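All figures in this text were calculated on a predicted structure; none of them were measured in a lab. Proteins get letters first, then strands, A, B, ... in listed order; numbering begins at 1 in each.
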Amino acid sequence: MSAAEKTRPGDPAYNFGYLDEQTKRMIRRGLLKAVAIPGYQVPFASREMPLPYGWGTGGIQVTASIIGPHDRLKVIDQGADDTTNAVSIRRFFQRVTAVETTEETAQATLIQTRHRIPERDLTDDQILVYQVPIPEPLRQLEPRESECRKIHAWQEYGVMHVGLYEDIARWGHIARTYDYPVMVNERYLSAPSPIPKFDNPKMTRMAALQLFGAGREKRLYAIPPHTDVRSLDFEDHPFEVQHWDEVCGLCGAAESFLDEVILDDRGGHMYVCSDSDFCRHRREQGHRGAMAGHEAVRGLTEQAS
Amino acid sequence: MYVAVKGGEAAISHAHGLMADERRGDRALPELDVGQIAQQLGHAVDRVMTEGSLYDRELAALAIKQAQGDLVEAVFLLRAYRTTLPRFGASLPIDTAAMAVERRISATYKDLPGGQVLGPTYDYTHRLLDFDLLDSGREVPPPRESDAEQQPMARVADILGQEGLLEPAQQGAPDTPVADVTREPLRHPAGRDARLQALARGDEGFLLALGYSTQRGYGGTHPFAGEIRMGSVTVEMVPEELGFAVEIGEIAVTECDMVNQFGGDAERPPQFTRGYGLSFGRAERKAMAMALVDRALRAQELGEETVFPAQDQEFVLYHADNVEASGFVQHLKLPHYVDFQSELELVRRLRREHAQARTEAGTQQQEAAE
């Protein structure tokens with residue numbers, strides 16, 4: 001490796017991490033503000049990226065701004081490393097940074113995620129970067145940004161409680177199953193991004209730094225390590241997470257978030273861990289589910305050729 | 001020079017000559033061939049066929065050539081041709097479950113019978129300009145042929161339907177004719193058949209923006225892309241003299257089934273609702289936008305509040321057609337001398353009266369002060 005390659009790893013046509021240094025500095029300043037005011041949405045001059053809006057441009061810009069040559073990057077989508085969009089984003093960073101990538105949650109220093117928090121506890125030397133489609137938790141109740149900014153400033157979150165109450169009046173339950181609103185540090189109402197509410201309890205007092213990037217909506221926010229994150233609820237309708245009667249068909253896990261897989265058009269289905277690294281570790285430790293080794297699930301455990 | 005209607009004949013003829021010259025461009029370069037457009041600008045052809053409501057790749061390519069790549073103008077050309085064609089019957093509904101699938105993805109299940117088939121797509125490409133394409137004549141290897149035979153691919157909507165989780169598709173009565181907004185003027189409230197036809201013909205950009213607005217809170221419907229499939233289907237019709245169905249051809253279509261916000265009440269158990277989109281060829285963005293707007297337009301039928309633009313039938317359906325919109329916006333270029341002269345006369349008179357009133361008021365004030 002030549003000296004030049006050492007100072008600038010990755011595709012020589014692009015700066016390390018794709019973004020220019022001024023842009024990275026601007027985003028880092030935004031992130032510092034976000035960390036200083038947990039849960040507050042910091043506007044930032046989001047750039048146009050070579051991936052489409054809604055496909056992780058915010059998360060990619062955050063990752064690109066904080067990644068260093070010694071980081072080990074993990075990218076997941078729906079909990080899995082092998083989902084097409086995760087593969088695409090991982091390839092992008094391999095190309096523009098040449099950093100080491102990993103599928104091992106424990107080995108990663110930086111994890112970019114869409115829609116999940118890994119099952120395994122994260123540590124204080126890790127950073128979790130969320131891709132966020134709609135950073136505004138009030139958006140479905142109040143489409144106007146100008147109004148939402150006032151609601152946050154005045155901390156007038158009654159409209160959200162009324163929304164949740166209406167669910168209870170109509171369905172007997174709070175009918176939000178993902179992107180379930182949280183109160184960060186008892187000040188700012190925030191969107192956890194569309195993670196299943198199953199993952200909400202992992203957010204509170206997490207040892208790892210949690211950074212959120214919304215590219216299209218041009219917002220950054222953060223939850224510093226060990227910060228209180230409370231899922232909204234009512235005394236008589238306490239917050240609760242999803243449960244399944246089944247266990248993972250591959251590793252038998254009963255405590256992880258499960259994806260449903262359709263086996264035929266006659267109603268046959270099974271469940272598998274959404275967190276592919278978690279599931280693989282369990283199988284390596286000898287745990288086996290009812291469908292392990294079955295022909296129908298070969299595609300879920302083997303690399304496609 | 002823009003001259004009055006009288007004596008405009010020579011001007012018009014010159015304008016056409018300039019247009020033809022500009023279309024041909026630098027004579028040192030080979031002229032664009034309609035076949036090249038049909039083959040190498042396939043997405044443009046698909047859009048023009050979809051919004052032009054006419055499945056003919058060659059004519060759509062011709063329209064694109066003639067319009068110098070202005071797709072809305074090309075849609076207009078194709079529509080103007082379509083209107084001259086005799087109508088000799090209606091086909092049977094196409095069966096997309098029996099499609100020869102080139103692409104099929106579901107965002108709701110990790111795996112399902114027949115699997116996820118990415119097919120030809122720009123998804124997951126990095127949008128970096130490919131400078132190699134600057135040079136023509138580069139060898140492109142043929143795609144790897146799949147050795148697996150296509151498995152039957154039940155539609156996700158049918159799989160969900162078996163458990164009752166998704167509302168069934170609305171069935172039209174077999175003998176009732178389907179609405180045709182090109183033969184009967186739109187009436188409100190429009191039936192779903194007329195709405196879907198208007199949306200299928202509607203401008204991709206307009207529907208894209210409206211669909212997007214529903215995702216940003218202006219009439220949210222909680223959509224999931226239950227399934228998007230693209231491939232070819234056979235078209236059958238029953239000629240009156242035969243009395244049985246015969247295949248008349250094959251068309252490529254993209255179908256999008258959106259699975260949306262569940263509903264239900266005391267009688268009906270909770271179940272997901274649907275939005276539907278269909279386009280010719282590979283117009284996938286259009287099919288998805290159409291499905292979002294179709295669902296938004298069902299707000300009233302599903303007992304939801306209708307307060308946002310995408311939920312407003314009249315607003316959406318009267319403004320979705322780009323041939324109508326383009327014509328009327330651009331008609332402002334036509335002479336309006338007479339109307340404007342009438343306005344001028346009025347505004348001049350009002351200004352005079354205004355000035356007079358101010359002067360009189362000033363005089364009165366002065367008198368009062370004295």
Side-chain angles (χ1 to χ4, degrees), chain A residues 11 13-14 18 48-55 78-80 82-89 91-92 95-96 133-134 136 138-145 148 170-171 175-179 216-217 259-272 274 276 296-297 299-300 304-305, chain B residues 97 105-116 118 121-131 144 146-148 151-156 158-165 212-222 224 227 261-266 269-270 285 303 307-310:
Chain A
D11 189 328
Y14 297 97
Y18 190 77
E48 281 180 323
M49 299 298 283
L51 280 87
Y53 284 126
W55 298 51
Q78 313 296 303
D82 59 353
T83 353
T84 36
N85 204 37
V87 171
S88 173
I89 292 171
R91 272 196 199 158
F92 174 73
R95 174 165 180 182
V96 297
I134 306 273
E136 179 49 72
L138 300 161
R139 181 62 75 239
Q140 296 302 328
L141 302 166
E142 173 48 67
R144 286 179 203 285
E145 180 66 9
C148 289
R170 179 155 188 212
W171 304 106
R176 290 166 167 264
T177 57
Y178 58 89
D179 214 349
R216 187 178 40 78
E217 300 279 343
D259 281 340
E260 188 170 339
V261 170
I262 308 288
L263 296 174
D264 54 47
D265 56 3
R266 298 174 303 276
H269 58 193
M270 65 174 287
Y271 292 87
V272 293
S274 122
S276 52
V297 299
L300 294 171
S305 59
Chain B
I105 52 164
S106 169
T108 51
Y109 292 109
K110 190 183 176 88
D111 199 8
L112 63 173
Q116 307 260 11
L118 266 188
T121 177
Y122 286 114
D123 295 353
Y124 314 114
T125 59
H126 300 149
R127 271 41 168 223
L128 302 169
L129 281 173
D130 179 0
F131 296 107
R144 197 183 59 137
S146 171
D147 37 8
Q151 293 175 46
M153 289 190 189
R155 294 170 37 170
V156 169
D158 297 335
I159 293 168
L160 277 167
Q162 278 176 350
E163 229 182 302
L165 288 168
Y212 178 44
S213 76
T214 69
Q215 290 180 285
R216 288 196 71 263
Y218 289 78
T221 57
H222 278 69
F224 293 95
E227 180 169 355
Q261 173 68 42
F262 53 88
D265 49 38
R285 188 191 301 118
V307 284
F308 296 110

Would you call R216(B) and E217(A) a salt bridge, using N to O less than 4.0 angstrom?
-> yes

Among G219(B), G115(B), P113(B), the residue with the most heavy-atom pairs under 4.5 Å to chain A is P113(B)

Apply salt bridge (charged side-chain N to carboxylate O under 4.0 Å, His left out) to E227(B) and list each qualifying residue two or more places apart in sequence or on a separate chain.
-> R104(B), R229(B)

Hey, which of S88(A), A175(A), P143(A), G267(A) has the most heavy atom pairs under 4.5 Å with chain B?
-> P143(A)

Per-residue contact mode, L263(A) against chain B (heavy atom under 4.5 angstrom) | backbone

Mark yes or no for whether Q116(B), through its side chain, and S106(B), through its backbone, hold a donor-acceptor pair below 3.5 Å.
-> yes

Do H222(B) and F224(B) have ring centroids that are under 6.0 Å from one another?
-> no

Name all residues meeting the ring pair (Phe, Tyr, Trp, His ring centres under 6.0 Å) criterion together with Y53(A); count only those two or more places apart in sequence or in a different chain, and write none if there are none.
-> none

Region of A80(A) in contact with chain B, defined by heavy-atom distances below 4.5 Å = side chain

Would you mind checking which part of N85(A) comes under 4.5 Å of any heavy atom in chain B, side chain (CB onward), backbone (N, CA, C, O), both or neither?
-> both

Which answer fits R266(A), side chain, backbone, both or neither, if we ask what part of it has an atom under 4.5 Å from a heavy atom of chain B?
-> backbone

Smallest heavy-atom separation, D179(A) atom then I134(A) atom, equals OD2-O, 4.4 Å

When rounded to the nearest 0.5 Å, the distance separating OG1 of T214(B) from CD of Q140(A) is 8.5 Å

Short question: side chain of Q162(B), backbone of D265(A) - any donor-acceptor pair under 3.5 Å?
-> yes

Any donor and acceptor pair, going by atom type alone, linking the side chain of R127(B) with main-chain N or O of P52(A) inside 3.5 Å?
-> no

Measuring heavy-atom distances to chain A, does D123(B) have an atom under 4.5 Å in its side chain, in its backbone, in both, or in neither?
-> both

Whatever's closer than 4.5 Å to a heavy atom in chain A on T125(B) counts as backbone

Sort E136(A) into side chain, backbone, both or neither according to what part of it lies under 4.5 angstrom from a heavy atom of chain B.
-> neither

Structural part of L118(B) lying under 4.5 Å from a heavy atom of chain A = side chain

Considering only heavy atoms, which portion of R144(A) lies under 4.5 Å from any heavy atom of chain B: side chain, backbone, both, or neither?
-> both

Heavy-atom pairs under 4.5 Å with chain A are the metric here; pick the option from Y218(B), Y124(B), F262(B) that has the most.
-> Y124(B)

Do you know which of T108(B), L128(B), I159(B) has the most heavy-atom pairs under 4.5 Å to chain A?
-> L128(B)

